[in-house]
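A short worksheet on the structure shown next.
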2 protein chains.
Amino acid sequence: MPMKKPAKESGRRGSATSSVVAGTDAPDASQMPIRGFSRSLPMALLRAREAVMRHFRVPLRAHGLTEQQWRILRALTSFESIEVTELARVAYLLGPSLSRILRDLEERRLIERRTLKADLRRGIVSITPKGLRLIEAVAPSSEAIYAEITRRYGADRLAELQDLLHALETSLADMPLPNGDSVADENDASL
Amino acid sequence: MPMKKPAKESGRRGSATSSVVAGTDAPDASQMPIRGFSRSLPMALLRAREAVMRHFRVPLRAHGLTEQQWRILRALTSFESIEVTELARVAYLLGPSLSRILRDLEERRLIERRTLKADLRRGIVSITPKGLRLIEAVAPSSEAIYAEITRRYGADRLAELQDLLHALETSLADMPLPNGDSVADENDASL
DNA sequence: CGTTTTCATTTAACATGTTAATCATATTTG
DNA sequence: CAAATATGATTAACATGTTAAATGAAAACG
């Protein structure tokens, strides 16, 4: 059940996240509300990612590409053709986002689609020559930025960071999600 | 000028499942396009963040909050009141997003707004008792999840990761953005 | 074999990210 | 002070994230 909303007033929904952390900030000691906040891990990851991405956005946008479109085109250069589901996994996009982006990229003739004859549910995607030329046009700037980031941060630290990030993913891979048997919203009587 | 915006008729079909195809990248050796891709730093940061956040999303959503709404409410618990611009900085949100979210949170009576009499352009935001109760209702789950993540990953590695992430931000803080003197889109003649 | 179930993808609906433009108020200048 | 400029916040417009539902096709069942 979708949980409507006239698109006018407020709205609910959501996703969510965030959290906590450890600490060295917070007012004093009366009762830290939750925890450091500015040291929350999701926030730290978000800030670090933005610090990196804001550099890549410039050349991408100059070529009319978003970050996600770039991820898809780049992934496609690694395969002669690839099924949509596999592409979603490789480019790390959710199905609905991928669907929309593929529609756009197809209209721009940067990719082509067909269906697997053996299973008409499955879509096969491949990059076009035009798409390849676009990739080649953007790649130099992209590589230069990556090189400068590596130079500034240090190749060693970068490798260590990548290791720690991957280890984090691995550590949480089999962590069960919470039950979610809680109240529905802030209008709950208990509030 | 925004990006593009086709929107036409339907589209495709198909899909794909695991099975065949290669592992993660690189077809063979014909010409490695750009870089490992799956090793890109932005991707690693994105994946790590998602690995963490998907756990927090459950309890937040159960309380009708998105991650960003939670960040704002949590930030507000650290201040008696705060200016909108400062809140944007603390909660790490862009102005337009913050504007929309504040409108919603105000309608839900989770925050209150007024304007600074000395400068009518500036808005002042504060959390309501209802907002505080909501925070208190969500905090336990949030803390429990953070604790479990810390337990699995290790407090030491977590601290090291935070240090590396912060160092990355610092390293790139004064890196100049590219010039962006490139072509406008893929229809450029040079393609 | 027809019905049910599963699967791959897309569409729907809403919230946020992102860049540009607009509005109102303040500040600076001529 | 009036006009120009700067600043804080919001609105506009489009793209993506996110969850749920719908669609169409294949597999499982009975």
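What you see is a predicted model; the values in this text were computed from it and never measured. Every chain is numbered from 1, with letters handed out A, B, ... down the list of sequences.
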C:dG17 base to B:R100 side chain: any donor-acceptor pair below 3.5 Å?
-> yes

Shortest non-hydrogen separation from B:V90 to B:A75 and the atoms involved = CG1-CB, 3.9 Å

Taking the nucleotide of DNA chain D with the closest heavy atom to each, which residue, A:Q68 or B:G95, is nearer the 5' end?
-> B:G95

Could you please name the option among C:dA12, D:dA26, C:dT16 that lies closest to any side-chain atom of B:I101?
-> C:dT16

With DNA chain C as reference, determine whether A:P96 or A:R57 sits nearer its 5' end, using the nearest nucleotide of each.
-> A:P96

Answer yes or no: does a side-chain N or O of B:R122 lie under 4.0 Å from OP1 or OP2 of D:dG8?
-> yes

Check the distance between C:dA15's C1' and B:L73's CG and give it to me in whole angstrom.
-> 15 Å

Verify the contact: side-chain N or O of B:S99 to OP1 or OP2 of D:dT10, cut-off strictly under 4.0 Å; return yes or no.
-> yes

Can you tell me if CZ on A:R109 sees more than 12 non-hydrogen neighbours from other groups inside 6.0 Å?
-> no

Does C:dA15 have OP1 or OP2 sitting under 4.0 Å from an N or O in the side chain of B:T66?
-> no

Please walk me through it: do B:E148 and B:R152 pass salt bridge (charged side-chain N to carboxylate O under 4.0 Å, His left out)?
-> CA-CA 6 Å; B:E148 174 64 10; B:R152 284 179 170 254; 2.9 Å; yes

Does B:L41 offer a backbone N or O that forms a donor-acceptor pair with the side chain of A:Y146 under 3.5 Å?
-> yes

Expressed in angstrom and rounded to an integer, what is the separation of A:L93 atom CG from D:dT16 atom P?
-> 9 Å

How close or far is atom P of D:dT10 from atom CD1 of B:I124, stated in whole angstroms?
-> 11 Å

What is the distance from CZ of A:R61 to P of C:dT19, rounded to the nearest Å?
-> 7 Å

Nucleotide D:dT16, atom P - distance to CG of B:L94 in whole Å = 17 Å

So which nucleotide from D:dT18, D:dA25, C:dT11 ends up closest to the side chain of A:L120?
-> D:dA25

When we call it a touch if two heavy atoms are under 4.0 Å apart, what does A:L98 touch: a base, just sugar-phosphate, or nothing?
-> nothing

Does OP1 or OP2 of D:dT10 have a side-chain N or O of B:R113 closer than 4.0 Å?
-> yes

Does B:Y153 reach the main-chain N or O of A:L172 with its side chain, forming a donor-acceptor pair under 3.5 Å?
-> no

Starting at CZ of A:R89 and ending at P of C:dC7, how long is that distance when rounded to a whole Å?
-> 18 Å

To the nearest Å, give me how far apart CG (B:L46) and P (C:dT16) are.
-> 18 Å

Taking atom C1' of D:dT10 as reference, at what distance in whole Å does atom CD of B:E106 sit?
-> 13 Å

Listed nucleotide nearest any side-chain atom of A:D119, set D:dA25, D:dG17, C:dT18 = D:dA25

Upstream residue (5' side of DNA chain D) when B:E50 and A:K117 are each assigned their closest nucleotide = B:E50

